[in-house]
Structures are given as structure tokens and as C-alpha cells.
Amino acid sequence: MTQLTALIIEDNLDNMELISFILRANNIDVIPAFDGLTGLASAKQCEYDFILLDIQLPDISGFEVIKRMRAQGVNKPVIAVTSYAMCGDRQLLLASGCDGYIEKPINPELIISQIMQVVKI
């Protein structure tokens with residue numbers, strides 16, 4: 001498999017550490033961003049294969065991040081990683097520009113297969 005790199009936009013340090021650990025254990029490099037604006041800047045400046053995007057961020061929402069990314073021409077796969085699990089939230093996130101959806105809490109045994117279903121590299 002090709003070496004992949006993920007841009008992770010996640011403000012919770014514990015979640016960032018868990019996701020980063022799982023990805024690195026699966027030979028996926030990590031670019032961390034702890035808020036939406038940093039994530040947007042990284043999306044324009046860094047080389048990566050896909051984005052894991054928290055929806056509840058401290059500065060701007062993940063909905064705003066994905067809207068701005070798509071407006072700026074970012075076409076890499078974006079997977080929402082969120083505790084939003086109400087009826088219709090998945091469809092709302094996909095309609096707003098996300099390519100996939102992973103519910104929190106993260107299931108360490110499933111996250112890689114969930115990512116690969118979307119990334120398809």
C-alpha cells in the first residue's frame with residue numbers, strides 16, 4: 001500500500017492522540033491541526049491524502065471548515081469525525097461536502113476500515 005498522510009483537524013487532545021496513534025500504527029503519517037482555521041491553512045499548504053474533520057471545533061464549526069475548503073477547491077476526501085449522531089446528522093454532513101462520517105467515540109478496531117471505505121487508495 002502507498003504511504004498515506006492524513007490531516008487531522010481535532011481540538012480534543014485525547015482524541016487527537018488516539019486517532020494519531022491508530023493511524024501511525026497503520027503506517028499513515030499525521031498532520032495535526034487543533035482548530036478550524038489552522039486546519040484550513042494546512043489544507044492549502046500541506047501535502048496529504050485525506051482529512052479527518054471534527055465538527056465541534058473551538059473557533060469555527062466543522063460545517064464552516066468544509067464549506068470553506070470546498071470553496072477553495074480542496075477536493076481531497078474529508079471524513080467527519082463527530083459525536084453528532086442524531087437522526088439526519090450523517091446526511092447533513094454528507095450534503096455539506098463531507099465524503100464520509102465516523103461516529104465518536106472512535107472504535108479503534110474499525111476506524112482504519114471506515115477510512116479506507118472512503119479514501120479508496
Side-chain angles (χ1 to χ4, degrees):
M1 176 165 52
T2 305
Q3 177 71 39
L4 298 176
T5 301
L7 170 58
I8 305 173
I9 305 171
E10 168 65 65
D11 66 307
N12 181 286
L13 183 58
D14 291 337
N15 288 336
M16 178 67 83
E17 287 179 358
L18 174 62
I19 295 167
S20 296
F21 176 81
I22 294 167
L23 294 182
R24 287 183 179 125
N26 285 275
N27 203 32
I28 299 172
D29 291 331
V30 170
I31 301 167
F34 289 95
D35 60 58
L37 294 174
T38 302
L40 282 170
S42 295
K44 290 191 298 188
Q45 298 167 356
C46 299
E47 291 293 323
Y48 56 89
D49 298 290
F50 64 95
I51 299 168
L52 297 177
L53 173 62
D54 183 22
I55 300 304
Q56 295 176 305
L57 295 167
D59 53 354
I60 60 175
S61 76
F63 287 103
E64 184 64 21
V65 171
I66 188 68
K67 176 182 168 186
R68 291 185 192 184
M69 280 183 181
R70 295 307 190 208
Q72 293 170 355
V74 173
N75 61 3
K76 300 285 184 172
V78 177
I79 303 168
V81 182
T82 182
S83 56
Y84 284 164
M86 301 297 290
C87 182
D89 284 340
R90 184 181 208 286
Q91 291 75 15
L92 183 59
L93 287 163
L94 295 175
S96 68
C98 291
D99 300 288
Y101 175 91
I102 297 174
E103 286 184 27
K104 289 180 182 176
I106 300 297
N107 183 334
E109 295 176 11
L110 294 179
I111 189 170
I112 296 300
S113 65
Q114 291 172 316
I115 290 169
M116 291 306 141
Q117 286 175 7
V118 175
V119 175
K120 299 177 184 169
I121 294 177

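- We find the CZ-CD distance between Arg24 and Glu17 to be 9.5 Å, quoted to the nearest 0.5 Å.
- Counting heavy atoms from C-beta outward, Val81 and Asn15 have side chains that stay 4.5 Å or more apart.
- You'll find the side chain of Ile106 reaches within 4.5 Å of the side chain of Leu18, heavy atoms only.
- Side chains of Leu4 and Met116 form a contact here, defined as non-hydrogen atoms less than 4.5 Å apart.
- A side-chain contact (heavy atoms from CB on, under 4.5 Å) with Pro58 is found for one member of Leu37, Asn12, Asp11 and no other, namely Asp11.
- At a threshold of 4.5 Å between non-hydrogen side-chain atoms, the residues Ile102 and Ile115 count as touching.
- Across every non-hydrogen atom of Glu10 and Met16, the tightest pair is O-CE, 3.5 Å.
- Under the 4.5 Å side-chain heavy-atom criterion for ILVMFWY residues, a single connected hydrophobic cluster contains both Ile112 and Ile8.
- Put simply, the side chain of Leu40 does not reach to within 4.5 Å of the side chain of Lys44, judged on heavy atoms.
- Across Val30 and Ser20, no two heavy atoms sit closer than the pair CG1-OG, 3.5 Å.
- Side-chain atoms of Gln3 and Asp29, non-hydrogen and from C-beta on, do get closer than 4.5 Å to each other.
- The CG atom of Asp59 lies 4.0 Å from the CG atom of Asp35; values are rounded to the nearest 0.5 Å.
- The two residues Ser42 and Leu7 have their closest heavy-atom pair at CB-CD1, 3.7 Å.
- When atom types are taken as modelled, the side chain of Ser96 and the backbone of Leu93 share a donor-acceptor pair closer than 3.5 angstrom.
- The two atoms that bring Val118 and Gly100 nearest to each other are CG2-CA, 3.8 Å, heavy atoms only.
- Here the shortest heavy-atom pairing between Gly62 and Leu53 reads O-CD2, 3.5 Å.
- Residue Ile66 is tested with Val74, Asp99, Val78 for a side-chain contact (heavy atoms from CB on, under 4.5 Å); the sole match is Val78.
- Between Glu103 atom CD and Thr82 atom OG1 the span is 8.5 Å, to the nearest 0.5 Å.
- Residue Lys76 holds its NZ atom at 12.0 Å from SG of Cys46, rounded to the nearest 0.5 Å.
- In this structure the side chain of Ile60 reaches within 4.5 angstrom of the side chain of Arg68, judged on heavy atoms.
- We find the CG-CD1 distance between Leu52 and Ile28 to be 8.5 Å, quoted to the nearest 0.5 Å.
- Shown here for Met69 and Ala43, the closest heavy-atom pair between the two residues is CE-CB, 3.7 Å.
- Checked by atom type and distance alone, the side chain of Asp54 never pairs as donor or acceptor with a backbone atom of Leu57 at under 3.5 Å.
- In this structure, CG in Asp14 is found 11.0 Å from CD1 in Ile19, a value given to the nearest 0.5 Å.
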